[in-house]
Amino acid sequence: MALIVHKYGGTSMGSTERIRNVAKRVAKWQRAGHQMVVVPSAMSGETNRLLALAKELAPAAASSATERELDQLAATGEQASSALLAIALQAEGLAAVSYCGWQVPIRTNSAYTKARIEAIDQARIQADLAAGKVVVITGFQGVDADGHITTLGRGGSDTSAVAVAAAIGAHECLIYTDVDGVYTTDPRVVPEARRLARVSFEEMLEMASMGSKVLQIRSVEFAGKYRMPIRVLSSFTPWDIDLNTEAQSGTLITFEEQQTMEQAVVSGIAFNRDEAKITVLGVPDRPGIAYQILGAVAAANVEVDVIIQNISKEGKTDFSFTVHRNDYPKTLELLRSQVVPALGAAEVLGDARICKVSIVGIGMRSHVGVASRMFRSLSEEGINIQMISTSEIKTSVVIDEKYMELAVRALHREFDLDQPTDSLASN
Ligand code: ADP
Ligand code: ASP
Ligand code: MG
């Protein structure tokens with residue numbers, strides 16, 4: 001008997017028929033003797049539908065008061081799907097109970113729309129499990145110290161599931177979704193993409209942070225911090241397939257690095273259309289300018305990603321960085337109204353039609369020339385690179401968004417990702 005957490009995404013919860021299938025699958029696990037905690041997302045499209053209603057009423061950038069209400073609103077999606085799942089489980093003859101984040105409670109900070117989980121009380125969950133119940137806990141939401149409902153950012157149910165799994169000391173967290181695992185790149189963009197049977201935790205962290213939406217980055221961070229094994233697998237297999245086969249399917253995020261001779265140099269390609277580029281031109285080149293620009297941006301709670309400062313010419317330099325597109329108008333406004341006048345810079349330019357494409361692989365540690373292969377491949381396609389950033393196991397480039405698919409396909413071919421080659425290959 002093991003303590004297991006299942007997470008089901010929006011598509012997997014997308015209709016009453018699918019919720020019934022989820023309930024039957026969970027019942028199969030429970031009847032095999034496991035203690036089950038299930039974390040569902042809102043039914044597919046529901047979070048978008050709710051947020052679009054809010055946008056009709058308040059199209060402008062949200063104030064903190066409005067962001068509170070956005071969380072109050074968006075959290076209803078998961079409340080509904082969790083209750084529906086508990087009802088479906090009861091209809092299967094199981095004892096089941098659903099809880100909202102605040103009822104557990106899942107405690108977060110107060111950063112509405114992107115709150116971080118701080119603590120999870122496991123008492124109620126453990127008591128219900130001991131009483132033989134399946135416990136359903138809303139994904140995506142929590143509660144702050146003052147009792148306000150918060151949400152964890154888009155895709156946040158993954159994080160809820162892994163955090164709950166860590167808090168209750170689960171054996172494994174299974175993330176059921178609409179693809180049957182983690183692929184070399186998004187299979188919707190590159191049909192030749194291959195499923196990885198295993199991917200290292202570090203690679204998954206880079207892939208998620210570089211834009212692979214299959215797992216929210218914070219869920220991978222939690223998995224790393226608490227060494228919680230995660231498996232990504234399909235919710236679209238027949239619910240009654242053999243449990244052991246199901247338990248071995250999909251992609252395991254592993255903490256063991258299988259560094260073999262055949263280790264693929266690049267394991268996956270991630271891309272992200274959610275960023276925008278901002279350039280401050282004609283900045284007087286003196287100590288402290290990066291701090292003056294980025295300090296102001298950080299104080300406005302905006303995260304900065306790729307940063308470039310050019311060499312100085314006649315005492316002036318240009319400074320570029322990327323931010324999330326949601327934060328783009330606010331950041332431009334902040335720079336134009338406050339930072340540029342204070343710095344004595346010339347002007348601020350912005351471009352939201354960019355994307356970031358990244359190659360990721362622990363094999364990059366032991367191979368030289370990987371980045372130059374990437375740049376050559378892009379140049380052969382006539383793609384201009386605007387910014388570059390690297391870490392030990394990834395290289396990212398910022399390019400015009402109209403070349404995104406072309407770039408991803410070219411790199412997928414360049415690094416032989418459509419060929420089964422090594423220990424990470426699909427099984
Ligand atoms: P869920 O609603 O189950 O959370 P998501 O839409 O958030 O599902 O994540 C699954 C989707 O992630 C897939 O449908 C796929 O299009 C996308 N995706 C992006 N990169 C990858 C990748 N490397 N491997 C698998 N899926 C990926
Ligand atoms: N329902 C939320 C979203 O659409 C959370 C999730 O699905 O993980 O972003
Ligand atoms: Mg998701």
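Every number for a ligand or one of its atoms is a count from 1 in the order of the listing.
- The shortest N/O to N/O separation between S41 and ligand 2 falls below 3.5 Å.
- Note on ligand 2: G156 sits in its first shell, one or more heavy atoms being nearer than 4.0 Å.
- Here T185 contributes atom OG1 and L417 contributes atom CG; the two are 8.5 Å apart, rounded to the nearest 0.5 Å.
- Every N/O-N/O distance between K7 and ligand 2 stays at or above 3.5 Å.
- Y176 contributes atom OH, which lies 9.5 Å from atom OG of S234 (distance to the nearest 0.5 angstrom).
- The aromatic rings of Y8 and H6 sit perpendicular, their planes meeting at an angle over 60°, well past the 30° parallel limit.
- Residue G153 has no N or O atom closer than 3.5 Å to an N or O atom of ligand 2.
- Atom NZ of residue K7 and atom OG of residue S12 lie 7.0 Å apart, to the nearest 0.5 angstrom.
- We find that E380 and R413 are not joined by a salt bridge, their nearest charged nitrogen and carboxylate oxygen being 4.0 Å or further apart.
- Checked by atom type, the side-chain pair H412/T184 shows a donor-acceptor distance below 3.5 Å.
- Evaluation of the side chain to side chain donor-acceptor pair (under 3.5 Å) rule for R218 yields no partner, not counting sequence neighbours.
- Sorted by first and then second residue, the salt bridge (charged side-chain N to carboxylate O under 4.0 Å, His left out) pairs involving residues 71-80 (not counting sequence neighbours) form an empty list.
- Applying the salt bridge (charged side-chain N to carboxylate O under 4.0 Å, His left out) test to pairs two or more places apart or on separate chains, those with a residue in residues 128-149 are D128-K133.
- Protein residues lining ligand 1, listed by chain and number: K7, G9, G10, T177, D178, V179, G181, V182, Y183, T185, D186, P187, R188, M207, S212, K213, V214 [non-hydrogen atoms, distance under 4.0 Å].
- In summary, the atoms of ligand 2 found under 4.0 Å from a heavy atom of G155, numbered by their order in the structure, are 3 (C), 5 (C), 6 (C), 8 (O), 9 (O).
- Looking only at heavy atoms of the protein, atom 4 (O) of ligand 2 is closest to R154 NH2, 2.9 Å.
- At least one heavy atom of E78 sits less than 4.0 Å from an atom of ligand 2.
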